[in-house]
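Notes to accompany the following structure.
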2 protein chains.
Amino acid sequence: MTVSRKRKSSGEDAVRRLRAAGLRPTRQRGALVELLGSGHRHLSAESLHQEAQQAGIGVSLATIYNTLHQFTEAGLLREVVVGAGRSYFDTNTGDHQHFYCEDDGSLIDIEGEAIAVAGVPAPPKGMAVDRVDVVVRVKRA
Amino acid sequence: MTVSRKRKSSGEDAVRRLRAAGLRPTRQRGALVELLGSGHRHLSAESLHQEAQQAGIGVSLATIYNTLHQFTEAGLLREVVVGAGRSYFDTNTGDHQHFYCEDDGSLIDIEGEAIAVAGVPAPPKGMAVDRVDVVVRVKRA
DNA sequence: CAATCAGTTTGGAATCATTCCAAACTGATT
DNA sequence: AATCAGTTTGGAATGATTCCAAACTGATTG
Ligand SMILES: [Mn+2]
Ligand SMILES: [Mn+2]
Ligand SMILES: [Zn+2]
Ligand SMILES: [Zn+2]
């Protein structure tokens, strides 16, 4: 019964999350929110698109891109750029950094409490620091 | 006189640098080495191509890409990836990091002695840290 | 100097992720 | 049910980069 109760509410939950983010709860957005669902994940537009297809959700790739960006602006996701033409969307929006393996393109979280960047100079006049990104590039030993 | 002496040797100097890097000193590579020349610079393939054209050097864009990558492998340049589809080649190969302004796409050096990253965990089994890149993203205040 | 050949250059086609666009659709409101 | 701003979508367009096969050229050899 716990299960069925949760099942029933998951759709409503997605709707709540979308409304809270100021986004109209459409079929596509609801389905994507649920796919992002639980746990921390690093996903590309393409991988999310494939997941959606497999889940039997009809969503165009264009909408995937639109939605990922809207979610990012709304603070539900964080975009992580690791290489030219290679960016991931991270469901972990908290303070953390990444290991990036160029060999297989994988990303691994580094907890924010563990890592620290010290000595960042004041930004140039008229500029403000938006974010400090650390990418630890690793290779097969 | 100092000037003329330097002028004369600059071509030979480029040849020396190329040979030292294990690259055959061709007309194109020699010209590009001289364009990179003195001082620290952040350049894109496209910007270097335009510079070459202006300097009256006939070099195809494909060769620019080939050469930039060869120079990078040879340690004469360092590639800095700041965003999807946006990478720069840096003539400063020493230890340093960057401010990146998304508004105008500019890069500014942060001296390596100034900035420090602490607490990087051991990389996953079988992986070795290749490099730690820090990008301080700034925006117009 | 001429022949030779691996290394290099090149224009143009091909990739690939992402963005753009105009037309069709749909959630919310009246 | 009518309305309309917000959304979605297939397909074209972009833009940086890579690929390719043919032409070229620096270095070596006889
Ligand atoms: Mn995580
Ligand atoms: Mn510099
Ligand atoms: Zn992450
Ligand atoms: Zn630099």
Side-chain angles (χ1 to χ4, degrees), chain A residues 11-12 14-33 35 42-53 56-74 77 79-89 100 102 105 107, chain B residues 11-12 14-33 35 42-50 52-53 56-74 76-77 79-89 100 102 105 107:
Chain A
E12 299 168 21
V15 170
R16 235 172 271 131
R17 286 228 279 164
L18 288 170
R19 287 237 164 79
L23 295 168
R24 189 196 285 185
T26 64
R27 174 179 67 76
Q28 293 88 337
R29 285 175 182 160
L32 293 180
V33 164
L35 276 185
H42 298 129
L43 36 89
S44 65
E46 194 57 56
S47 73
L48 180 57
H49 188 221
Q50 289 184 307
E51 262 186 56
Q53 308 284 261
I57 303 163
V59 194
S60 74
L61 188 55
T63 294
I64 295 279
Y65 275 103
N66 289 340
T67 306
L68 285 174
H69 286 139
Q70 291 156 352
F71 284 11
T72 299
E73 272 179 69
L77 292 176
E79 192 168 1
V80 182
V81 176
V82 290
R86 197 157 212 172
S87 84
Y88 289 97
F89 290 87
Y100 174 61
E102 317 213 7
L107 267 191
Chain B
E12 298 168 21
V15 171
R16 236 172 269 129
R17 288 226 278 163
L18 289 169
R19 286 236 165 79
L23 296 168
R24 188 197 285 184
T26 65
R27 174 179 66 77
Q28 294 87 337
R29 297 213 272 229
L32 294 180
V33 165
L35 275 185
H42 299 127
L43 36 89
S44 65
E46 195 57 55
S47 72
L48 181 58
H49 188 221
Q50 290 184 306
Q53 308 285 262
I57 303 163
V59 193
S60 75
L61 188 54
T63 295
I64 296 279
Y65 275 103
N66 289 340
T67 306
L68 285 174
H69 287 139
Q70 290 157 352
F71 284 11
T72 299
E73 273 179 69
L76 274 55
L77 291 176
E79 191 168 0
V80 182
V81 176
V82 290
R86 198 157 212 173
S87 84
Y88 289 97
F89 291 87
Y100 174 60
E102 317 214 9
L107 267 192

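A note on names: the letters A, B, ... follow the listed sequences, proteins ahead of strands, and every chain is numbered from 1.
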Find every protein N or O atom lying less than 3.5 Å from an N or O atom of nucleotides 3-5 of chain C, and list the pairs.
none

Between protein and nucleotides 18-28 of chain D, map the contacts as a letter string: B base, S sugar-phosphate only, - none, heavy atoms under 4.0 Å, written 5' to 3'.
BB-----BBS-
Sequence neighbours excluded, the answer for side-chain contact (heavy atoms from CB on, under 4.5 Å) partners of B:R19 is B:V15, B:P25
Take the protein atom OH of A:Y88 and the nucleotide atom C1' of C:dT18, then report the distance between them rounded to whole Å.
16 Å
Return no unless some side-chain N or O of B:T63 is found under 4.0 Å from OP1 or OP2 of C:dT9.
no
Distance check needed: C:dA17 P versus A:E79 CD, whole Å only.
15 Å
Identify the heavy atoms of A:L18 and A:G30 that sit nearest to each other, and give their distance.
CD1-N, 3.8 Å
Where the side chain of B:H49 meets the backbone of B:V59, is there a donor-acceptor pair that is under 3.5 Å apart?
yes
Any residue meeting ring-ring contact (aromatic ring centres under 6.0 Å, His included) with B:F71, in chain and number order, not counting sequence neighbours:
none
For A:Q70, side chain to side chain donor-acceptor pair (under 3.5 Å) partners two or more places apart
A:R29
Between C1' on D:dT9 and CD1 on A:I57, what's the gap in Å once rounded to a whole number?
16 Å
Across all chains, not counting sequence neighbours, the side-chain contact (heavy atoms from CB on, under 4.5 Å) partners of A:A45 are A:I64, A:Y65, A:L68
Nearest-nucleotide comparison on DNA chain D, the residue closer to the 5′ end among A:G58 and B:S44:
A:G58
First locate atom CD of A:Q50, then atom OG of A:S44, and finally report the distance between them rounded to the nearest 0.5 Å.
7.5 Å
Using whole Å, report how far NE2 of A:H49 lies from P of C:dC16.
17 Å
A:F89 has an atom CZ; how far is it from atom P of C:dA17, in whole Å?
13 Å
Just jot down the side chain to side chain donor-acceptor pair (under 3.5 Å) partners of A:T72, sequence neighbours excluded, or say none.
none
Applying salt bridge (charged side-chain N to carboxylate O under 4.0 Å, His left out), name anything that partners B:E73, two or more places apart in sequence or on another chain.
none
Quick note, A:S60 side chain, CB onward, closest among D:dG10, C:dT8, D:dT7 is D:dG10
Nearest-Å distance for atom pair CD1/P, residues A:I64 and D:dT7
16 Å
Both atom distances under 3.5 Å, Watson-Crick or G-U wobble: I'd like the secondary structure of DNA chain C as a dot-bracket string, with | for pairs made across strands.
||||||||||||||||||||||||||||||
Using the side chain to side chain donor-acceptor pair (under 3.5 Å) criterion, which residues pair with B:T63? Sequence neighbours excluded.
B:S60
Atom CD of B:E46 and atom C1' of D:dG15 are separated, to the nearest Å, by 10 Å
Listed partners of B:E46 passing salt bridge (charged side-chain N to carboxylate O under 4.0 Å, His left out), at least two apart
none
